[in-house]
Number of protein chains: 2
Amino acid sequence: MPTPQNPADATAMMPVPAFAAHDHAHCTADALTRAEAVTAAAGLRLTPVRRRVLEILLEEHRALGAYDVLARLATDGFGNQPPVAYRALEFLVEHGLAHRIQRLNAFTACTHPGEAHAPAFLICRTCATVAEAEAAPARAALDTAAAPLGFVIERITIEAMGLCPKCRDASA
Amino acid sequence: MPTPQNPADATAMMPVPAFAAHDHAHCTADALTRAEAVTAAAGLRLTPVRRRVLEILLEEHRALGAYDVLARLATDGFGNQPPVAYRALEFLVEHGLAHRIQRLNAFTACTHPGEAHAPAFLICRTCATVAEAEAAPARAALDTAAAPLGFVIERITIEAMGLCPKCRDASA
DNA sequence: ACTTGACCTGTTATGATATTACATTCATAT
DNA sequence: ATATGAATGTAATATCATAACAGGTCAAGT
Ligand SMILES: [Zn+2]
Ligand SMILES: [Zn+2]
Ligand SMILES: [Zn+2]
Ligand SMILES: [Zn+2]
């Protein structure tokens, strides 16, 4: 028995090989479908702007700045002022459909929407591709380090910079 | 035998209890002394601005924004344009005398200058105190997660938000 | 049908963070 | 003393983010 840790975690955490070749059209469509399911289940509204922002983020496994997103929105006929982008991004992040990458001041679509997961991010310094890895083991290690100091961890940010397999091969 | 992992790591990594009461005057003086040793050994120049910035960061175990530092510098008669602060901060970070806290767009003095250490940061959401914990175990866990994806981690950012013991007691 | 109220979108304006480019000064080594 | 590179000062600008308010949409309750 797979013992899911969370009611929302009916499916196992499937690795999304952002670095590897994959059927990205399916990857994108699937993420959108899940996003609709997640929002509907929570009584939230995946409005046109929000949905379009998610689509934009999903186009590539990279992180986009809010102003990059905004420029895309503007050409689509949506508003072209910063809050339009920031609000949609905030909504997506708040409900687990996107993540903020602190090191890049940028945003990326979640590759596991609807699944319970604590993401750590692997960011290629050459091609800027972002992949999600499971942060739970690292978090456990940190809890161990924090406990003797009396510090209670609530949220954690883990971002690893490095080289993805493709760029590693290219530079070799 | 203690087997130091690094030539520069003659002393063991002493925990600096940023959250606990401690002789902070000594804490500060010691950090400055170490900073002088580190820079001298590397043939670097701990100039007045750089030293002053380090002193400012050392005053409290909190992170300061570049403009906060800049304001302090200006009242001390140094330049009052952003690059003055950013350059000194960059120097300190580059040589391990300070760290950048990504989540806060801010900087904090290193509490283990001259020691080999991979810092993870524990940031109290209430009082903004920042402590360093050892990130090596968490990093090992991450390497394990990244390896099957073919991703090679080079640098890692780990920042935990939570409650320090003092604020935890206060809110209870 | 009408009103209400919550939520969403658009816009203006501003604030906060960070860098580029260039001029000047300082430390050091011929 | 003089050439060199490093460090600092300054102006201008780029980039990232939010506050405040106005109008629009939509569904619930009357
Ligand atoms: Zn994909
Ligand atoms: Zn890459
Ligand atoms: Zn101290
Ligand atoms: Zn605290």
Side-chain angles (χ1 to χ4, degrees), chain A residues 35-36 39-40 42-57 62-95 97-108 123 128 157 159, chain B residues 35-36 39-40 42-57 62-95 97-108 123 128 157 159:
Chain A
E36 277 158 5
T39 50
L44 303 167
R45 295 164 56 190
L46 189 60
T47 61
V49 213
R50 292 168 176 175
R51 187 188 161 96
R52 185 70 193 113
V53 168
L54 182 54
E55 287 172 358
I56 290 168
L57 292 182
R62 293 198 298 111
L64 288 184
Y67 280 76
D68 296 328
V69 170
L70 181 58
R72 301 285 311 270
L73 284 178
T75 68
D76 290 351
F78 293 99
N80 70 343
Q81 297 305 313
V84 174
Y86 278 102
R87 283 193 291 232
L89 289 165
E90 179 184 34
F91 172 89
L92 295 174
V93 168
E94 192 168 353
H95 298 102
L97 304 175
H99 301 292
R100 176 174 196 134
I101 309 296
Q102 303 281 351
R103 286 191 67 106
L104 305 179
N105 291 327
F107 302 83
T108 190
I123 309 162
T157 300
E159 297 175 357
Chain B
E36 276 157 6
T39 50
L44 302 167
R45 294 164 56 192
L46 189 61
T47 61
V49 213
R50 292 168 177 174
R51 186 189 162 96
R52 184 74 193 108
V53 169
L54 182 54
E55 287 172 357
I56 291 168
L57 292 182
R62 293 197 299 112
L64 288 185
Y67 280 76
D68 297 328
V69 170
L70 182 57
R72 301 285 310 272
L73 284 179
T75 68
D76 290 350
F78 293 98
N80 70 343
Q81 298 303 313
V84 173
Y86 279 103
R87 282 193 294 233
L89 289 165
E90 179 184 35
F91 171 89
L92 295 174
V93 169
E94 191 169 353
H95 298 102
L97 304 175
H99 300 292
R100 176 174 197 136
I101 308 297
Q102 303 280 352
R103 286 190 67 107
L104 305 179
N105 291 326
F107 302 83
T108 189
I123 307 162
T157 299
E159 296 174 0

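Letters go in sequence order (proteins before strands), and every chain restarts at 1.
- Looking at the side chain of Arg45(B), the nearest of the listed nucleotides dG10(C), dA7(D), dT10(D) is dA7(D).
- Going from atom NE2 of His99(A) over to atom CZ of Phe107(A) covers 12.5 Å, rounded to the nearest 0.5 Å.
- With dT20(C), dT12(C), dA7(D) as the candidates, the nucleotide lying closest to the side chain of Pro83(A) is dT12(C).
- Contact annotation for Arg87(B): base contact, defined as any heavy-atom pair under 4.0 Å involving a base atom.
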Output, in order, the C-alpha distance, side-chain angles, deciding distance and verdict of salt bridge (charged side-chain N to carboxylate O under 4.0 Å, His left out) for Glu55(B) and Arg52(B). CA-CA 5 Å; Glu55(B) 287 172 357; Arg52(B) 184 74 193 108; 2.8 Å; yes
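- Between Ala63(A) and Thr108(A), the closest heavy-atom pair is CA-CB, 4.2 Å.
- Nearest approach of Leu44(A) to His95(A), heavy atoms of both residues: CD1-CD2, 3.1 Å.
- Going from atom OH of Tyr86(A) over to atom C1' of dA19(D) covers 14 Å, rounded to whole Å.
- For Val84(B), taking side-chain heavy atoms from C-beta onward, the closest of the listed nucleotides dT9(C), dG9(D), dA7(D) is dG9(D).
- Whole-Å rounding puts the Leu70(B) CG to dT19(C) P distance at 14 Å.
- Going from atom CZ of Arg52(B) over to atom C1' of dG9(D) covers 19 Å, rounded to whole Å.
- Computed from coordinates, the Leu73(A) CG to dC8(C) P distance equals 16 Å when rounded to whole Å.
- In this model, the phosphate group of dA7(D) is approached by a side-chain N or O of Arg50(B) to a distance below 4.0 Å at OP1 or OP2.
- Taking atom CG of Leu92(A) as the reference point, atom P of dC8(C) lies 12 Å away to the nearest angstrom.
- To the nearest angstrom, P of dC16(D) lies 10 Å from CG of Leu104(A).
- The aromatic ring of Tyr67(B) is stacked on the base of dT17(C), with the two ring centres less than 5.5 Å apart and the planes inclined by under 30°.
- Closest-nucleotide positions on DNA chain C for Asn105(B) and Leu44(A) were compared, and the one nearer the 5' end corresponds to Leu44(A).
- With dA7(D), dG9(D), dA13(C) as the candidates, the nucleotide lying closest to the side chain of Pro82(A) is dA13(C).
- Spacing between atom CG of Leu89(A) and atom C1' of dC8(C) amounts to 15 Å, rounded to whole angstrom units.
- What separates CD of Gln81(B) from P of dA16(C) is a distance of 17 Å, to the nearest Å.
- Counting all heavy atoms, side chain and backbone alike, Val53(A) lies closest to Ala88(A) at CG2-CB, 3.7 Å.
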